[in-house]
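The sequence lines fix the lettering, A, B, ..., with proteins before strands; numbering per chain opens at 1. Bear in mind the structure is a predicted one, so any value in this text is a computation, not a measurement.
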Amino acid sequence: MTAAPLLVLQSVSKVFRVGNREIVAVDNVSLDVMKGECLAIVGESGSGKSTVANIVLGIYASSGGAIFLHGEELPQRRASTHRRAIQLVQQNPLSSLNPKRTVGASLRLPLDVHGIGEKADRWKRVSALLEEVHLPADYRSRSPAALSGGQRQRVAIARALACESELVVLDEPTSALDVLVQARILKLLKELQRRRGLTYIFITHDLSVVRNIADRVAVFEKGRMVELGTVESIFTNPSHPYTRSLIAAVPVVTDEEQALKDRLARPTEEEFERI
Amino acid sequence: MTEPTLLIRDLHLSFKGYSGLVEVLHGISMHINRGERVALVGESGSGKSVTARIVLGLLQMTRAARIGGLVAFEGQDIAQLSRRQHHRLRGTRMSMIFQDPTSSLNPVYRISEQFHEVLKRTVPDIEREEGDRRAAGLLSDCSIADPERVLASYPFQLSGGLNQRVMIAMALANEPSLLIADEPGTALDVTVQAQTLKLMRALVARHNTAVLFISHNLGVVREFADRVYVIYKGRIVEHGRTADLFDDPRHAYTRALMDAIPRLTGGGIPEIVDHSDSYLAPLIVHEGCAEPGGAR
C-alpha cells in the first residue's frame with residue numbers, strides 16, 4: 001500500500017426529499033481510500049453504506065462535498081472516462097446481468113462502449129476475462145440462466161474487470177450465496193486484487209467476511225461514519241458501542257469466536273464508570 | 001416413549017425429466033421430538049428445501065415428483081391423508097416461515113387482513129375486530145412495539161425485520177406443533193437476524209413447538225438448534241447433538257462446511273475443495289442420536 005490516496009471523499013452528504021420531509025442518508029463523510037487496499041464499509045440496512053457507494057459511482061449526485069479520484073475532482077455528471085474508472089459488482093448477479101444477453105455479449109459490451117482493444121481482438125479478451133475468473137471459455141455462448149449463482153457472480157466480476165479500472169466497488173458481493181460458494185468467490189476476489197493491484201470498496205453487513213478480507217474498516221450508523229480503523233484494531237479493540245453490537249450479532253462456529261463476542265459484549269471500563 | 005412430532009424414514013425423491021428420472025433424495029431418515037429444535041444443514045441443491053416441501057405436502061402436487069418412503073406427522077403417515085386432510089394441517093398443526101419475508105406476504109392486502117385469514121383457519125367465523133385484537137397480542141409477543149400501526153400497514157411499508165416478525169407471529173398464531181423455518185433471516189442484516197433467531201427461540205420454547213430449521217450456515221445453526229443433520233447431495237452424512245457436532249465434526253463434508261465460514265478471529269479465506277470422494281463417505285451418527293426404531 002502506497003501513501004497516496006486513490007479516492008478522497010471530502011465532507012460528502014446526501015439528502016433525500018420525500019414529500020416535505022428531508023432524510024439525511026449520508027451525513028458529512030470524509031474518507032480516504034488508499035491505492036491497493038480493501039476498505040470495508042459496514043453497517044445495517046439504512047446506515048447509508050450503499051448510498052455512499054452510489055455517490056462514488058456517480059449514480060447519485062451528492063448534496064454536498066466533493067470526491068477526488070487521483071487528485072482530480074469528479075464532476076456530478078460523469079464523463080465516460082470517469083465511469084470506466086470505477087466499476088461495480090452487485091449483490092444479486094441474476095438481476096445485474098441482462099438475461100437476454102449471453103455471457104460473452106455481456107462481457108463484450110463494456111469493451112465496445114469504451115473502445116478497449118482492437119475490434120478483432122475483443123472476443124479473445126472476453127475469453128481471457130472468463131479464464132481469469134476460472135470459467136471455461138465456452139461459457140461465452142451461455143445465458144446467465146444456465147449458470148449457477150456462483151458462476152453468475154464470477155461473470156459479474158469479469159465484467160467489472162473488463163474496463164481495466166483500478167477501483168472496484170463490491171456491494172454485498174457474496175450475501176446471496178451459500179457459505180461454500182462464498183468462500184470460493186472471496187478467494188477469487190483476493191487473488192484478482194493481488195494480481196491486478198486492484199483497490200476495493202467492500203460493502204457488507206457480514207463482519208466475519210470483513211475480518212478476513214479487508215485492510216481497513218469504516219463503520220456507518222444512520223448516515224454517519226462512527227468508526228474507522230484497521231481490521232486488527234476494529235476487531236480487537238472497537239471503540240464505538242455500535243461496532244461492538246455489530247460484531248456481537250455475527251453467528252459463529254468456534255469457542256474462540258464466542259469468547260471474542262462475549263468479551264466485546266461487556267461494557268468497557270470507561271462506560272462502566274458512566275453507569 | 002412418545003411418538004416423535006415428525007418422523008421421516010428412508011425418504012426417496014426423484015423428478016421425472018426429459019432424460020428419465022433424476023434422483024434427488026437417496027433415502028434420508030430423521031426425526032424431531034416434541035418441542036425439539038432440529039436443523040437440516042447443507043449447501044444449495046442438497047435437498048433440504050424439497051424435504052420441507054414434502055413434509056408440508058406441497059411437492060406431492062407436482063406431477064413430475066416421485067416420492068417413496070415414510071413421512072409421519074404426529075404418528076400419522078401423511079401419504080394416507082387426502083389432499084383436504086393435508087390442507088387442513090397446513091397453517092394449523094404445521095406452519096412455515098420462508099426466507100424472504102417481504103415476498104411471502106401479499107403486497108395488496110394489509111397485514112390485518114392477512115392475519116385474519118390465518119386466524120380463520122382454526123376459528124372460521126372469527127370477527128375482524130376480534131381477529132385484530134388477537135393479532136395485536138401475538139404481534140406484541142414478537143416484540144413489535146406498535147402492533148396497531150403494523151396491522152394497518154401493507155408489507156412494503158414495513159422493514160424486512162418487521163415483516164419477518166409478522167411472519168413468525170402468523171406462523172405461531174394457531175399454535176402449531178411443528179414449525180418449518182427455511183433459511184429464516186438470510187435475507188436480513190446480521191443484527192436483525194440475531195434478534196429474529198433469539199425471538200424465535202424464546203417463542204418456540206414457550207409454546208413447546210418442534211422446529212425443522214433449514215439453513216446453509218452452520219453459525220446460525222449453532223445458535224439455534226438442539227440437534228443437527230448435515231445433508232450432502234440427497235444423503236444425510238452426519239447427525240449429532242449441536243454441541244457434539246461442533247466440538248467434534250467427524251464427516252469430511254461437515255468439516256468443509258465448517259471451514260467455509262470465515263472466522264471472526266481471522267485466519268484468512270479458507271481453502272475449500274469443491275468435491276472430494278470423502279464427502280460421499282457413509283453416514284456418521286454421534287452417540288445417543290440413533291433414529292427411533294433403529295432406522296438408518
Side-chain angles (χ1 to χ4, degrees), chain A residues 42-47 49 91-92 134 148-150 172 174-191 204-214 221 231-232 234-236 242 244-261 263-264, chain B residues 41-46 48 99-100 159-161 183 185-198 215-225 228 232 242-243 245-247 249 253-275 279:
Chain A
V42 301
E44 294 174 272
S45 34
S47 61
K49 56 190 196 308
Q91 176 173 5
N92 186 353
H134 309 300
S148 70
E172 307 263 10
T174 61
S175 328
L177 306 171
D178 76 31
V179 282
L180 288 158
V181 183
Q182 166 175 284
R184 288 178 211 130
I185 295 289
L186 292 175
K187 202 103 213 166
L188 173 71
L189 288 171
K190 262 262 179 316
E191 174 196 323
T204 182
H205 61 253
D206 190 338
L207 273 289
S208 55
V209 169
V210 168
R211 177 70 180 92
N212 293 288
I213 196 160
E221 184 192 20
V231 131
E232 286 77 12
I234 292 277
F235 280 85
T236 50
Y242 180 70
R244 288 208 301 270
S245 70
L246 276 181
I247 297 176
V250 178
V252 297
V253 287
T254 62
D255 293 341
E256 298 90 78
E257 291 175 285
Q258 191 61 49
L260 174 72
K261 274 172 61 169
R263 186 171 66 77
L264 295 179
Chain B
V41 194
E43 62 193 289
S44 39
S46 59
K48 45 192 202 313
Q99 179 170 2
D100 183 359
S159 70
E183 311 249 5
T186 31
L188 304 173
D189 266 355
V190 266
T191 40
V192 183
Q193 184 183 25
Q195 290 157 6
T196 308
L197 286 179
K198 222 175 174 178
S215 181
H216 64 82
N217 189 334
L218 277 169
V220 178
V221 166
R222 184 176 183 262
E223 313 240 317
F224 188 81
V228 183
Y232 178 64
T242 307
L245 192 101
F246 279 86
D247 283 348
Y253 181 69
T254 312
R255 285 199 290 268
L257 260 189
M258 222 170 269
D259 290 344
I261 299 171
R263 299 291 143 88
L264 256 189
T265 41
I269 310 295
E271 196 70 61
I272 302 296
V273 187
D274 272 23
H275 176 78
Y279 291 178

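- With 3.5 Å as the limit, one finds a donor-acceptor pair spanning the side chains of A/E191 and A/H134.
- A salt bridge links A/K261 to B/E223: one of the charged nitrogens lies within less than 4.0 Å of a carboxylate oxygen.
- Of the atoms belonging to A/L177, it is backbone heavy atoms, and not side-chain ones, that fall under 4.5 Å from chain B.
- There is a side-chain donor-acceptor pair under 3.5 Å between A/T254 and A/E257.
- When the options B/N217, B/T254, B/V228 are evaluated for a side chain to side chain contact (heavy atoms under 4.5 Å, CB included) with B/V41, the one that passes is B/V228.
- Only the side chain of A/L260 comes within contact range of chain B, with at least one heavy atom under 4.5 Å from a heavy atom of that chain.
- With hydrogens and angles ignored, the 3.5 Å screen pairs a side-chain donor or acceptor of A/D178 with a backbone N or O of B/S44.
- Taking A/K190, A/E256, A/R184, A/Q182 one by one and counting their heavy-atom pairs under 4.5 Å with chain B, the maximum is reached by A/R184.
- Side chains of B/T191 and A/E44: a donor-acceptor N/O pair is present below 3.5 angstrom, by distance only.
- No other option in B/P262, B/P270, B/A194 has as many heavy-atom pairs under 4.5 Å with chain A as B/P262.
- Using a 4.5 Å cut-off between heavy atoms, A/Q258 contacts chain B through its side chain alone, with no backbone atom that close.
- When each of A/V252, A/L207, A/T236 is checked for heavy-atom pairs under 4.5 Å with chain B, A/V252 comes out on top.
- Note on A/K187 versus B/E271: salt bridge recorded, some NZ/NE/NH1/NH2 to OD/OE distance being below 4.0 Å.
- Options A/V181, A/I213, A/D255, A/T204 differ in how many heavy-atom pairs under 4.5 Å they form with chain B, and the most are formed by A/D255.
- Chosen from A/A259, A/A183, A/S175, the residue pairing most often with chain B at heavy-atom distances under 4.5 Å is A/A183.
- When heavy atoms are compared at a cutoff of 4.5 Å, B/R222 approaches chain A solely by way of its side chain, counted from C-beta outward.
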